[in-house]
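First up is the structure itself, then whatever we jot down about it.
All values below were derived from every heavy atom in this structure, side-chain atoms included, with hydrogens, water molecules and symmetry-related copies excluded. Here the structure is a predicted model, which is why all the values come from computation and not from measurement. For ligands, and for the atoms within them, numbers begin at 1 and follow the listed sequence.
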Amino acid sequence: MLYHLLYPLHTSISVFNVFRYISFRTIYAGLTSLLICFLLGPWVIKKLSRIQIKQYIREDGPQSHHKKAGTPTMGGILIIFSVIASTLLWTNLTNTYIWIVILVTLGFGLIGFVDDFLMQIKKQNKGLSVRKKFFLQTLLALVAGLCICACSDFSTRVTIPFFKEFSPDFGWGYILFAAFVIVGTSNAVNLTDGLDGLAIGPVIVVAVTYMLFAYVAGNVKIAEYLQINYVAGSGEIVVFCGALAGAGLGFLWFNTYPAQVFMGDVGSLSIGAVIGSVAVITKQEILLVLVGGLFVIEALSVIFQVGFFKITKGRRIFRMAPLHHHFELKGWPEPKVIVRFWIIAIILALISISTLKLR
Ligand code: 57M
């Protein structure tokens, strides 16, 4: 909105020319969402506590989690609100990709909201059934994939990291592929969100990394120089990633150990899905496996644990899945698991960025 209101004034007041720059708008989008979280955070937490939106803790979980009972959840509402408000203020609203990421955030947020809400009604740690949740996620992700593919000039070629020339064209299959990326990331972030700040830390890292990828993909000269797929209009996604990173930092202020609030499914499902969408739009879809490698590791630990448990009728690879519980049960204090996982997320992001050159 600010872009549309103030940039046109640059012909008479030259200082408004800064609104043209993606870098300027990204910084202020980040600061705006951060400020919204800081200002509204205490009020939202108080409100959630007052209306009894409190986390139910599983009996079978690590002992250390029982003291977390009663922590307000659904703090994701704060993240979604600040990201969207900041995006509306600082992006070019004629950009279709911006509306797609807004709709994905709201749509997946709604699924998470219903899930969290049902948990509150049932007064136990179970919301929507896995089947229903998966169906709704897939439906929405297919719509998002279709909208992305319908954008003019959007290529259905997939970028293969480390290969300059090889970029297979998935054609209509790209919609299914995009939906897979979006649903997979949504669930992987959800699984990771089991310790204070564990998910939101890597979300910030991933948002900052995709800021760079979106900038590169949206700039015809740099894209050509680095020989990566150019995506016209993806530059605005940089501003969105800035808003996401800022909201992540603002939320972390309250979610850091010992957490005053959890994000709930409303937060984890929507943030995960929008990260998947950003990866698709910037055409760094497969690289997300590395950028968001921590989420992948957590999801794989569950897949292997459940698979092994079923095949061997009761034996386990890890003390408990997802992986963060394994280290907790080994006796690592919670902050140690969290910070070490963050360090891994940063290392993976740095390696991913190096692929821009390593090709
Ligand atoms: C939800 N939710 C947290 C909070 C957060 C298939 C199976 C592996 C699924 C998995 C599962 O349900 N995962 C997704 C994870 C829960 O947090 C809430 O959920 C939201 C995110 N969706 O925002 O509202 C608990 O996590 C802790 N927490 C924090 N700090 C935070 O900032 O401490 C969350 C955020 C909270 C709080 O304790 O209550 C969750 O873990 O439930 N299931 C599991 O993760 C379970 N694993 C399991 O059953 N493993 C089995 C195998 C065979 C599948 C095994 O290894 O034997 C564990 N979950 C819990 N306890 N809580 C089991 C033990």
Inset, instruction - Provide the number and element of each atom of ligand 1 under 4.0 Å from a heavy atom of Asn255. - result: 32 (O)
Legend entry - Atoms of ligand 1 close to Leu191 [distance to a heavy atom under 4.0 angstrom, numbered from 1]: 9 (C), 10 (C), 13 (N)
Legend entry - Sub-4.0 Å atoms of ligand 1 with respect to non-hydrogen atoms of Ser268: 21 (C), 22 (N)
Inset, instruction - Say whether Asp265, considering both its backbone and side-chain N or O atoms, lies within less than 3.5 Å of an N or O atom on ligand 1. - result: yes
Legend entry - Ion pair Glu328/Lys330, N-O distance below 4.0 Å: no
Legend entry - Sub-4.0 Å atoms of ligand 1 with respect to non-hydrogen atoms of Thr73: 24 (O)
Legend entry - Atoms in ligand 1 with a heavy atom of Gln305 nearer than 4.0 Å: 52 (C), 53 (C), 55 (C), 56 (O), 57 (O)
Inset, instruction - Would you check the N or O atoms of Gly264, main chain and side chain alike, for any that come under 3.5 Å of an N or O of ligand 1? - result: yes
Legend entry - Criterion side-chain contact (heavy atoms from CB on, under 4.5 Å) against Tyr210, the qualifying member of Val205, Val278, Leu244: Val278
Inset, instruction - For Arg316, counting its heavy atoms only, list the atoms of ligand 1 lying under 4.0 Å from any of them. - result: 55 (C), 57 (O)
Legend entry - Candidate with minimal heavy-atom separation from atom 14 (C) of ligand 1, of Ile338, Asn190, Leu269, Val302: Asn190
Legend entry - Heavy-atom closest pair, residues Ile286 and Pro161: CG2-CD, 3.8 Å
Inset, instruction - Run the numbers for me: atoms of ligand 1, each under 4.0 Å from some heavy atom of His65, listed by number. - result: 27 (C), 33 (O), 37 (C), 38 (O)
Inset, instruction - Could you tell me whether some N/O pair between Ala321 and ligand 1 is separated by less than 3.5 angstrom? - result: yes
Legend entry - Sub-3.5 Å N/O-N/O distance, Gly194 and ligand 1: yes
Inset, instruction - Can you sort out the partners of Thr138 under side chain to side chain contact (heavy atoms under 4.5 Å, CB included), two or more places apart, ordered by chain and number? - result: Phe134, Leu142, Val183
Legend entry - Per-atom contacts of ligand 1 with Met263, taking only distances under 4.0 Å to non-hydrogen atoms: 23 (O)
Inset, instruction - Quick one: closest heavy-atom pair of Ile281 and Phe154, and the distance? - result: O-CE1, 3.7 Å
Legend entry - Ser129 (side chain) donor-acceptor with Lys132 (main chain) under 3.5 angstrom: yes
Legend entry - Heavy-atom pair of closest approach, residues Ala349 and Thr209: CB-OG1, 3.4 Å
Inset, instruction - Classify the angle between the aromatic ring planes of Tyr28 and Phe24 as parallel (below 30°), tilted (30 to 60°) or perpendicular (above 60°). - result: tilted
Inset, instruction - Going by heavy-atom distance to atom 58 (C) of ligand 1, choose the closest among Met74, His325, His326. - result: His325
Inset, instruction - Identify which of Asn187, Val189, Asp193, Leu323 has a heavy atom lying nearest to atom 20 (C) of ligand 1. - result: Asp193
Inset, instruction - Give a yes or no answer on whether the side chain of Glu298 reaches the backbone of Val189 with a donor-acceptor pair at less than 3.5 Å. - result: no
